[in-house]
Number of protein chains: 2
Amino acid sequence: AAFLVAPLQAADPLPSWNDGTTKQSIVDFVNKVTEEGSGDFVPVAERIAVFDNDGTLWSENPLPFQVIFAAAEIKRLLPEHPEWNDNAAVQAFIKSDVAALTANHNKGLLEVLALTHAGMSTDAYDQRVKDWLATAEHPRWKKPYSQCVYQPMIELLEYLRANDFQTWIVSGGGLSFMRVLSEQTYGIPPQQVIGSHGQATFEMKDGVPTLTKTLETVFVDDKAGKPAGIYQFIGRRPIAAFGNSDGDQAMLEYTTIDNPRPSFGMIIHHTDAEREYAYDAKPKSSGKLITALEAAPTHGWTVVDMKKDWETVLAE
Amino acid sequence: AAFLVAPLQAADPLPSWNDGTTKQSIVDFVNKVTEEGSGDFVPVAERIAVFDNDGTLWSENPLPFQVIFAAAEIKRLLPEHPEWNDNAAVQAFIKSDVAALTANHNKGLLEVLALTHAGMSTDAYDQRVKDWLATAEHPRWKKPYSQCVYQPMIELLEYLRANDFQTWIVSGGGLSFMRVLSEQTYGIPPQQVIGSHGQATFEMKDGVPTLTKTLETVFVDDKAGKPAGIYQFIGRRPIAAFGNSDGDQAMLEYTTIDNPRPSFGMIIHHTDAEREYAYDAKPKSSGKLITALEAAPTHGWTVVDMKKDWETVLAE
Ligand SMILES: [Ca+2]
Ligand SMILES: [Ca+2]
């Protein structure tokens, strides 16, 4: 009667996670908050899970992908802008000179962002991102950036949604940039993406409704900006938070400390130079992880050891 | 066999709407976009409907309810603030002197907002709104403000959701204020509310995650701010928009003009002094309606004649 019993065993919803305490902590939490009648039960409306993006859902090396997009845009637009040949920020970009770009509180980076992420209609911007995603390849993995995502995290997103969680992105990256790919790549609709952004403006232009991207009143969705962004966009405290750097610490604290509901915090520790990258205190680009890693045991945050806990890293 | 046939007839989802072209325009639109295989079919993910709040979902007279809340807060806190006896804005509030409050680009109103809507934790603010909702009564209808909502609009929200629309509030009112009541009153969760807001700040205070309300970088979700707010929070164009004043015109334009999807726009015209209030060009408080009403025929927006189209006005 084996064939009668087999279908009753649920398939493993997290096949890319190796068995162990890390995987078990996720499953235990989900079982706990979804068990009706238990004291830990959380109503569906409050099952909010928030995910950092760069280094948590997809890779952030050799540079955050949005920075690579900006560099590609600069190269593409350069022939129309001879004045950029005398622009230090633009030149640093073309040479991928990270030190020059991030010096002086990211002055060069912000200058290039202004040239590539503002002053056009939101539709025109979206099309530029789509065009880039359709043609650009990751230098190491030789495939589109939208495929350089972590298979275990894709499974985790689906597992949480199957248990009636609402999954959100809460990233320091650009709100508009991520929205172009969030639905297809992560199953996360645009209205569940929170990110850094300037205030877009609206006007009727020759009878056509037109939204224009600006860098006015920029909101930086990083560090303390993450819980502030969650409050602004969601207005409800998450019960699960996933990140990979000190920039996620405030979001993890907001989610897990003094929360009247059961809560879950997780940090992805990049320990796998062979299959992905290995970094924490001294990352090559973004993703510095020192204080959040130190605070993890105190607050009961689960730390993913990528090399040990992930059976697969990149989605195929 | 009548009893066998009767249950097969769908119950009217909009019983508080009188039969006629207004009601029919809603039903026709919903049928059109939900009919699979038709050229007008809109996928579920794109069925976004946006609603103004004051004067569209609930009454805005004798003053917008949030203003009445602010006045109540001033009265409640006055004993602790003897300095307010010399404050002109506070005194105008106590006397319900609308002219004085709205003079000079709402200077007095904003001053009182700063005293009643900022400088406290978000939890403390929410509790204040809850306390007020639990005790205050509308001066005319003698019932809680959260019950001074339009029954036809409650039915419309439910009807749209039953057809897999996601319903959003897009109001000039305060984001945090509306969120306290949106879920229970309208079935709209906090993450589907867009409103005016200052940027909240986050910090760990004596080990406790704390969000504080401020009036920094205030976003005014009115007029052109409505489509800008929709872009910021939703990132997707609505296919249906409902409002009652010129402040909703940009949102109606954004929703219905040059939209590749079929779309629907509706204006609630307050024509019923007996059961509610009658106003348009010269409202007693908020809700001025001139240009949007003029533009309605051009853009095919349905205009609700409250007196004629609504069988019931207030929810019981
Ligand atoms: Ca990150
Ligand atoms: Ca209104």
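The model shown is predicted, which means the values in this text are computed figures rather than measured ones.
Proximity of B:Tyr254 to A:Leu211: side-chain heavy atoms (C-beta onward) are separated by under 4.5 Å at one or more points. The shortest side-chain heavy-atom distance between A:Glu183 and B:Arg236 falls under the 4.5 Å cut-off. Between A:Gln232 and B:Gln232, some side-chain heavy-atom pair lies under the 4.5 Å cut-off. Side chains of A:Pro190 and B:Ile234 form no contact here, defined as non-hydrogen atoms less than 4.5 Å apart.
Only the side chain of A:Ile48 comes within contact range of chain B, with at least one heavy atom under 4.5 Å from a heavy atom of that chain. Looking at A:Gln166, only its side chain comes within 4.5 Å of chain B, counting heavy atoms on both sides. Both the backbone and the side chain of B:Ile257 come within less than 4.5 Å of a heavy atom of chain A.
Among A:Pro209, A:Gly207, A:Gly195, A:Ala250, the residue with the largest count of heavy-atom pairs under 4.5 Å with chain B is A:Pro209. The candidate from B:Gly229, B:Ala200, B:Pro227, B:Ser176 with the greatest count of non-hydrogen atom pairs under 4.5 Å with chain A is B:Pro227. Taking chain A as the reference chain and counting heavy-atom pairs below 4.5 Å, the highest number among B:Thr122, B:Leu175, B:Thr217 is found for B:Thr122.
Aromatic rings of B:Tyr231 and A:Phe202 (six-membered ring for Trp) have centroids beyond the 6.0 Å cut-off, not under it.
Taking OG1 from B:Thr210 and CG from A:Asp258, the interatomic distance works out to 8.5 Å, rounded to the nearest 0.5 Å.
In this model, no donor atom of one side chain and acceptor atom of the other lie less than 3.5 Å apart for B:Gln191 and A:Gln191.
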